[in-house]
Amino acid sequence: MGSPDTNQKKGGFFAAMTSGLSMFSNAMHRSVNGLLGYEGVEVINPEGGKEDAEEEAQRGRWKQEERDSYWKMMQKYIGSDVTSMVTLPVLIFEPMTMLQKMAELMEYSYLLDQADKCEDPYMRMVYASSWAVSVYFAYQRTWKPFNPILGETYEMVNHGGVTFISEQVSHHPPMSAGHAENEHFTYDVTSKLRTKFLGNSLDVYPVGRTRVTLKRDGIVLELVPPPTKVNNLIFGRTWVDSPGEMIMSNMTTGDKVVLYFQPCGWFGANRYEVDGYVYNADEEPKILMTGKWSESMSYQPCDLEGEPLPGTELKEVWRVATAPPNDKFQFTYFAHKLNSFDTAPKKLLPSDSRLRPDRWALEKGDLQGWCCKEQADLIFLEERQRAEKRNREAKGDQFNPKWFDQTEEVVPTPWGDLELYRFNGKYIDHRNSIDSSDAVDTGDVQSIEFCPWQYANLSE
């Protein structure tokens, strides 16, 4: 890995985050316009070259008739933000909601524990930024999570002493807020994705704010992740890449980490690779970091030119956990835990994502049920949500989340402004005083009913 100055001259390492769009225009893509007779289709084989597009286009999870039908339906949305405006087929869903997906960042929370206990300010950043990278192995899944219903929640306990709560705080635009805490750190996020549909690919921009507070010294860290591109949505095998910069800033001391996620090149060149540095407040490199977000991250002290210090060696700081072989939805073991009641509190909020009948049916492999009764249940919930919105508007009322408060603060991000929500602490009081009258008892899983009444009055 070259020095910071060298990388800057190459235009990669310190490229503006908003250059993510140009990074997406990778020379590896190839149009299969004339070959398939579809206008605007670009197919990318991450393991091949420019001549593989036609063959790659015939692969993937779609049957020919499904692919043709879906392509005709989606053409009119090219260039649009499709975060919540398009009805999608069950074929592309995974049995998890966006609220649960937010909790996947807690899998390697021990890295934040180590960051809090660490005396060295630069190693603290190594641990914390490795934690931020670690979730990308799970994020490479090619299935779409369910959009949460307004007021829907997700709770997680029994993992590294962490208590996690997330809530859908807005329906249009779709926004979620989350809070996690243990003895070493607090984690707060407001998330509002923005997308751009490009025909056979989708650009995803993380319009959000993620902050971690390390409790021992009150250190506040802020994370800006790279954008993500989902390739071969309809034609070819779907795969995910996240080319661009990840920046973690120490808001207390001025130190920062800049990591560059390399774009996938021809024949898989540079795929998954991450390189970067820990800088002090004077922007001098102190530690180099390198690895693959699909495997592991390592670090080594460096000089002011970014070269490894003599007498030091590269040391591993994080390695991805073993994943289940041939898992249908590419779930990790932790993702399965998030869906289970093992990570649920004994008294669970009735608005929890685990209780969604559509999600539950898909998890159990009941695709016919999902497409019939359970999809009807989902439509019922969505219609009820719209009716409640109309009632609120008629009364001049406004929806207010239970566990997060909207602030007057609007913060800029590289991909647009963000209305900020803050954890209000009521959830902690609620957990301390909860009784059986307003919760689902998870002690007897067999008795739990996965039906729409569990979602009654979510948004009241």
Side-chain angles (χ1 to χ4, degrees), residues 83-85 87-88 90 93-106 143-157 163-180 188-193 208 335 338-341 343-345 347-363 370 374-389 391-392 398-406 419 421-424 426-427 430-431 434 438-440 442 448-460:
T83 306
S84 62
M85 65 181 291
T87 300
L88 300 170
V90 64
F93 278 85
E94 66 177 10
M96 180 177 282
T97 71
M98 280 300 300
L99 298 178
Q100 293 172 283
K101 204 170 183 74
M102 290 168 65
E104 286 198 83
L105 198 50
M106 292 295 112
W143 308 87
K144 183 189 181 301
F146 288 95
N147 284 339
I149 295 168
L150 187 64
E152 186 175 332
T153 58
Y154 177 75
E155 299 176 83
M156 183 195 75
V157 296
T163 298
F164 177 92
I165 175 71
S166 56
E167 181 177 13
Q168 189 72 359
V169 296
S170 173
H171 185 55
H172 289 296
M175 292 182 65
S176 308
H179 175 84
D188 292 282
V189 61
T190 301
S191 175
K192 181 177 73 173
L193 296 179
L338 293 178
N339 264 346
S340 77
F341 290 97
T343 53
K347 300 295 184 180
L348 183 66
L349 291 170
S351 52
D352 194 88
S353 294
R354 295 178 185 85
L355 304 176
R356 285 185 61 143
D358 48 1
R359 189 214 62 76
W360 175 260
L362 186 58
E363 181 184 5
W370 193 98
E374 280 72 17
Q375 188 154 6
D377 289 342
L378 177 59
I379 293 172
F380 169 83
L381 297 177
E382 292 175 340
E383 288 299 327
R384 177 171 185 144
Q385 183 172 231
R386 295 186 185 101
E388 289 176 347
K389 180 182 179 181
N391 290 336
R392 287 195 304 271
Q398 181 178 335
F399 169 75
N400 294 308
K402 291 183 179 180
W403 317 116
F404 298 86
D405 294 334
Q406 185 174 3
E419 304 81 13
Y421 285 79
R422 283 202 178 94
F423 181 64
N424 58 27
K426 294 179 182 177
Y427 174 76
H430 173 80
R431 289 252 56 93
I434 196 168
D438 60 351
V440 175
T442 60
I448 296 176
E449 296 184 51
F450 297 86
C451 54
W453 66 262
Q454 303 266 23
Y455 283 84
N457 305 317
L458 273 188
S459 55
E460 291 185 354

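Below, each value reflects all heavy atoms present in this structure, side chains not excepted, and no hydrogens, waters or symmetry copies. Computed from a predicted structure; not experimentally measured.
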Query raised in the report: Is a donor on one side and an acceptor on the other found under 3.5 Å between the side chain of Tyr154 and the backbone of Leu338?
Result: yes

Query raised in the report: Are any side-chain N or O atoms of Ser170 and backbone N or O atoms of Met175, one a donor and one an acceptor, separated by less than 3.5 Å?
Result: no

Distance check, rounded to the nearest 0.5 Å: [X] atom [atom1] versus [Y] atom [atom2]?
X      : Y      : atom1 : atom2 : value
Asp352 : Thr153 : CG    : OG1   : 5.0 Å
His179 : Met102 : NE2   : CE    : 12.0 Å
Trp360 : Asn339 : CH2   : CG    : 9.0 Å
Leu193 : Thr83  : CG    : OG1   : 6.5 Å
Lys101 : Trp143 : NZ    : CH2   : 12.5 Å

Shortest non-hydrogen contact between [X] and [Y], atoms and distance:
X      : Y      : value
Pro350 : Leu355 : O-CD1, 3.6 Å
Glu104 : Ala335 : OE1-CB, 3.8 Å
Leu99  : Phe164 : O-CE2, 4.0 Å
Leu362 : Pro95  : CD2-N, 3.8 Å
Gln168 : Pro148 : OE1-CG, 3.3 Å
Asn147 : Lys144 : OD1-NZ, 3.4 Å

Do [X] and [Y] get their side chains close enough for a donor-acceptor pair, meaning under 3.5 Å?
X      : Y      : answer
Ser166 : Ser176 : no
Arg354 : Thr343 : yes
Glu155 : Tyr427 : yes

Query raised in the report: Of the options Arg356, Lys402, Arg359, which is the one that meets Glu152 in a salt bridge (charged side-chain N to carboxylate O under 4.0 Å, His left out)?
Result: Arg356

Query raised in the report: With ring centroids as reference points, do Trp403 and His430 lie under 6.0 angstrom apart?
Result: yes

Query raised in the report: Looking at side-chain heavy atoms only, is the closest gap between Gln406 and Arg422 below 4.5 Å?
Result: no

Requested in this report: Could you tell me whether the side chain of Gln100 reaches within less than 4.5 Å of the side chain of Met156, counting heavy atoms only?
Outcome: no

Query - Stepwise side chain to side chain contact (heavy atoms under 4.5 Å, CB included) check, Glu419 with Lys192 - result: CA-CA 9 Å; Glu419 304 81 13; Lys192 181 177 73 173; 3.3 Å; yes

Query raised in the report: Given Tyr421, which of Val169, Val189, Asp405 fulfils the side-chain contact (heavy atoms from CB on, under 4.5 Å) condition?
Result: Val169

